[in-house]
Amino acid sequence: MTNTLNRRTLLKAGSTAVIAAPFIGVGKARAAEFNYKFANNLTIDHPVNVRMAAAIKRISEESDGRVEISVFPSSQLGSDTDTLNQLRAGAVEFFTLSGLILATLVPLASINGIGFAFPNKGKVWDAMDGELGAHVREAISKSGLIAMDKIFDNGFRQITTSTRPINGPEDLKGLKIRVPPSPLWTSMFNALGTAPVSINWNEVYTSLQTGVADAQENALSTIDIFRIYEVQKYVSMTNHMWDGFWFLANERAWDALPEDLQKIVAQHVNEAAVLQRADMQALNVSLRADLQSKGMEFNDPDPAPIRELLRANGFYDEWKANYGEEAWSILEKSTGKLI
Ligand code: X2X
């Protein structure tokens, strides 16, 4: 109807004139045009979900209620691999997922997980907010998914065990260690001489509790938030890889959003990721002492012999060949020469 003005257009016009428009006024907010689901494998109090809760509120407000996002944390809709399939089918519109697990669909997405690649978070953000991140997001965009610009932080990973501290390569021999379902994780822990077991995150606690695995590897924040200290004794600070969570959108669901709504969603998700990175940094300051108070024993192995084991077993050569010269050279702009 030509005389029907869109409430949002009026508000955007910043009109201060009193417009006798029956649809403006305090009343029940209209039903959302876009009711989307956001799934992840993290607890509702994890910094990713805390920051995303605030972002979702702002998205609803700034879209004038046109975009409402419901959160499904803690693998409520299924394992990571199940939920990735739901995302691809459009049954879920948004999903945060490690690039190393996404690599089952987009092989290049695991490149940030190369063993001992990044010396610190500064170099991680240099790569992931720069050329390497852009290169990976372009590959993701060819898979029917869209990745937001800013990757969330899943931290530098440490090895925990119920049996022994890891002081060097000898202690890794035959270690029954859980790894996420990802070709790179399996390849890396095979090259380290362990016996890796691929298990989705939602089954890890019970797998450690029942001895299906004797070890796992994760950031200290994850070890704390998911109470892994209850089923693991030793923490060896290997810093063997950095991992992050891409905020992924189903392409059809993303394209269905008008451009102005896409901008609102992207802006607040990216802001949430940057704030979450700072939360993770702040968490790390106290986590070692906290976990020690919960009974965990820490050691700090020399990474050099462990890294040398990867090199000697051809791990870097294999993955350079898998990713190709271009991607590898982009990675090395941030990490320095890896081979
Ligand atoms: O599965 C894991 O170890 C976790 C929680 O860190 C990821 O989502 C990659």
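Note that the numbering runs from 1 along the sequence shown for the chain. Values below: all heavy atoms of this structure, side chains included; hydrogens, waters and symmetry mates excluded. The model shown is predicted, which means the values in this text are computed figures rather than measured ones. First listed ligand is number 1; within each ligand, the first listed atom is number 1.
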Any link between F245 and V124 through a network of hydrophobic side chains (Ile, Leu, Val, Met, Phe, Trp, Tyr) touching at under 4.5 Å?
no
Contact set, ligand 1, heavy-atom distance under 4.0 Å, ordered by chain/number, equals N41, S98, N154, R157, R178, P180, W185, W201, N218, D243, F245
Check D300 with R288, please: is the shortest side-chain N to carboxylate O separation under 4.0 Å?
yes
Would you say E297 and N299 are linked by a side-chain donor-acceptor pair, where the criterion is simply a distance under 3.5 Å?
no
Would you call the rings of F118 and W242 parallel, tilted or perpendicular, taking 30° and 60° as the class edges?
perpendicular
Determine whether the aromatic ring centres of residues W319 and Y323 are separated by less than 6.0 angstrom.
yes
Quick one: list whatever passes salt bridge (charged side-chain N to carboxylate O under 4.0 Å, His left out) with D171, sequence neighbours left out.
none
